[in-house]
There are 2 protein chains.
Amino acid sequence: MDTFNQSSDFEEGSATHRVYRALRSMIVRGVLKPGEKLKIEGLSKRLGTGASPVREALSLLTSDSLVERIDQRGFRTAGISATNFAEILKLRCVLEDLALRESIANATQDWEERVVLAHHRMQRAQNRKTEDFEDLHKAFHMSLLSNAQSPILLQICSRLYDLNIRYRYLAGHDISYQQRDVAKEHADILAAVLALDADTASTRLLEHYKTTGAFLSGLLGDGALA
Amino acid sequence: MDTFNQSSDFEEGSATHRVYRALRSMIVRGVLKPGEKLKIEGLSKRLGTGASPVREALSLLTSDSLVERIDQRGFRTAGISATNFAEILKLRCVLEDLALRESIANATQDWEERVVLAHHRMQRAQNRKTEDFEDLHKAFHMSLLSNAQSPILLQICSRLYDLNIRYRYLAGHDISYQQRDVAKEHADILAAVLALDADTASTRLLEHYKTTGAFLSGLLGDGALA
DNA sequence: GGTGGGTCAAATCTCGATAAAAATACCGGG
DNA sequence: CCCGGTATTTTTATCGAGATTTGACCCACC
């Protein structure tokens with residue numbers, strides 16, 4: 001009954017859910033490379049579970065556009081391309097702009113506190129260079145949007161975030177991108193949001209994305225990620 | 001052994017894919033009512049297949065927001081509400097506007113012909129009141145957007161279409177909505193699109209949605225659908 | 001030497017059964 | 001008469017094996 005899952009303490013939830021989280025993390029972080037064939041049996045053994053949960057998790061990831069399915073021919077991780085990346089970036093700019101403005105329009109004290117808290121946690125993780133920075137980074141960005149009373153929109157943004165960050169992982173973490181003062185950019189965004197200045201906040205947020213995007217786009221164009 | 005490739009033939013594809021299409025159709029068309037519990041065994045027998053394909057199909061539908069999953073407690077069809085409907089309508093207006101403009105901007109002869117063809121088929125089905133009108137209606141609307149070089153955006157629009165049309169089915173087909181001259185609205189949209197007049201086309205398309213939306217919204221508000 | 005068909009291994013997909021969990025019915029006590 | 005805890009029943013989630021399909025290899029044949 002006491003099964004020790006050596007991978008980590010991912011014991012909560014059903015097997016399907018655990019596998020889902022594990023696989024998504026592996027794909028987003030580039031452990032499973034773009035276009036790689038995903039054999040059920042291999043993943044089952046690797047994750048210490050049966051074939052059914054793996055299959056179900058892969059189905060879910062298919063809807064997230066992180067896995068592609070070919071009928072009767074199994075699963076593989078989604079491919080990458082410069083055009084795909086450009087599309088993600090563009091959609092993010094449109095949709096996060098929309099969500100951010102609505103979030104600010106609905107501003108409440110509770111929401112502002114959530115944003116401040118999320119920012120603080122991310123900041124601390126960045127200073128200490130802890131492992132969970134990326135998760136907290138996503139949490140911060142989603143918290144900005146979270147006050148838009150629009151669950152579908154938020155879900156779409158969340159998925160686009162994952163698709164986007166995958167490219168950043170693939171580009172590696174030690175790249176010059178970090179030399180930019182990302183912390184200041186975040187702080188500036190936070191300030192504008194707390195001032196309820198939607199135009200400034202949106203401009204800064206989108207600039208934040210576009211700068212990173214242009215950088216990654218360059219790498220893709222050079223074929224450095226292919 | 002040659003297989004007959006007929007669109008009406010529900011035998012093509014894997015069992016999972018068949019079940020997926022069947023269930024989605026049943027949910028969108030209201031055969032399975034909002035919030036209804038979806039028991040695996042019942043659906044297996046009803047669809048003449050095993051539990052695994054049903055389970056997998058339900059997982060996929062979860063990502064389409066047509067089914068809700070509660071861990072360890074099975075699946076049920078997504079609920080409905082006035083706010084949910086309003087959100088769908090709003091997002092559709094934003095995203096289809098975006099897609100339509102890009103589609104028109106990329107106009108090609110091939111695309112224009114696809115649009116004309118899709119419109120003709122829908123028109124004919126409406127005149128003859130054939131069963132497949134709704135499918136062709138969706139095909140027409142998607143064809144308008146299909147020239148936007150943005151597969152992710154198109155997928156989102158397709159999903160939102162399904163979520164939206166579900167409300168229309170739930171309201172019933174014999175309602176006064178059909179008394180509007182929908183055919184003319186479609187023809188006007190088509191004309192503006194073929195004239196490559198993005199502003200007019202977008203205005204008409206959104207008006208088309210909002211009119212239907214306001215009508216359905218009224219029904220929801222009255223609790224007629226609850 | 002290149003092409004086409006047939007065979008074989010590998011992987012997917014599906015099924016039925018088992019174990020775990022939740023919902024329901026039951027019963028004794030307050 | 002109502003409430004809380006236990007037993008039963010229903011339903012879900014998971015597993016392991018069998019059936020089908022795919023893709024590759026090899027050999028015969030043109």
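Predicted model only: the values in this text are computed from it and were never measured.
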Under 4.0 Å, counting only non-hydrogen atoms across every strand here, what does Leu58(B) touch: a base, just sugar-phosphate, or nothing?
nothing

Counting only pairs under 3.5 Å, give me each side-chain donor-acceptor contact of residues 26-40 of chain A, with atom names and distances, residues two or more places apart or in other chains.
{"unit_1": "Arg29(A)", "atom_1": "NE", "unit_2": "Tyr169(A)", "atom_2": "OH", "d": "3.2"}
{"unit_1": "Glu36(A)", "atom_1": "OE1", "unit_2": "Lys33(A)", "atom_2": "N", "d": "2.8"}

Atom-to-atom span, OH of Tyr20(B) to P of dC13(C) - whole angstrom
16 Å

Without decimals, in angstroms, what is the distance between Lys39(B) NZ and dA22(C) C1'?
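Going from NZ in Lys39(B) over to C1' in dA22(C) covers 13 Å.
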
Applying ring-ring contact (aromatic ring centres under 6.0 Å, His included) as the test, list every pair that has at least one member in residues 20-63 of chain A; sequence neighbours left out.
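Qualifying pairs: none.
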
Nucleic acid contacts of residues 64-73 of chain A, taken as heavy-atom distances under 4.0 Å to DNA chain D
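The answer is Gln72(A), Arg73(A).
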
Partners passing salt bridge (charged side-chain N to carboxylate O under 4.0 Å, His left out) against Lys210(A) (at least two apart in sequence or in another chain)
none

Results of salt bridge (charged side-chain N to carboxylate O under 4.0 Å, His left out) for Asp162(B) - residues two or more places apart only
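Asp162(B) satisfies salt bridge (charged side-chain N to carboxylate O under 4.0 Å, His left out) with Arg24(B), Lys138(B) only.
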
Chain B on DNA chain D: first and last contacting nucleotide, 5' to 3', under 4.0 Å to a heavy atom?
dT11(D) to dT14(D)

Does Phe85(B) have any ring-ring contact (aromatic ring centres under 6.0 Å, His included) partners at least two apart in sequence or in another chain, and if so, which?
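So Phe85(B) forms a ring-ring contact (aromatic ring centres under 6.0 Å, His included) with Tyr167(B).
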
I'd like to check the ring-ring contact (aromatic ring centres under 6.0 Å, His included) partners of His186(B); sequence neighbours left out, ordered by chain and number.
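His137(B), Phe140(B), His141(B), His208(B).
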
Considering residues at least two apart in sequence or located in another chain, which fulfil the side-chain contact (heavy atoms from CB on, under 4.5 Å) criterion with Arg124(A)?
His120(A), Arg128(A)

Please list, chain by chain and in numerical order, all residues satisfying side-chain contact (heavy atoms from CB on, under 4.5 Å) with Ala139(A), sequence neighbours excluded.
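Result, side-chain contact (heavy atoms from CB on, under 4.5 Å) vs Ala139(A): none returned.
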
Are Thr16(B) and dT14(C) close enough that a side-chain N or O sits under 4.0 Å from OP1 or OP2?
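Answer yes for this pair, as a side-chain N or O of Thr16(B) is under 4.0 Å from OP1 or OP2.
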
Glu56(B) bridged to Arg69(A) by N-O distance under 4.0 Å:
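Looking at Glu56(B) and Arg69(A), the cut-off is met.
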
Residue-level proximity of residues 42-56 of chain B to DNA chain C when a heavy atom falls under 4.0 Å:
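Correct list: Thr49(B), Gly50(B), Ser52(B), Pro53(B).
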
Write out all pairs satisfying side chain to side chain donor-acceptor pair (under 3.5 Å) with one or both partners inside residues 93-105 of chain A, taking only residues at least two apart or from two chains.
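The answer is Arg92(A)-Glu96(A), Glu96(A)-Tyr209(A), Asp97(A)-Arg101(A), Asp97(A)-Ser202(A), Arg101(A)-Asp199(A), Glu102(A)-Lys90(B).
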
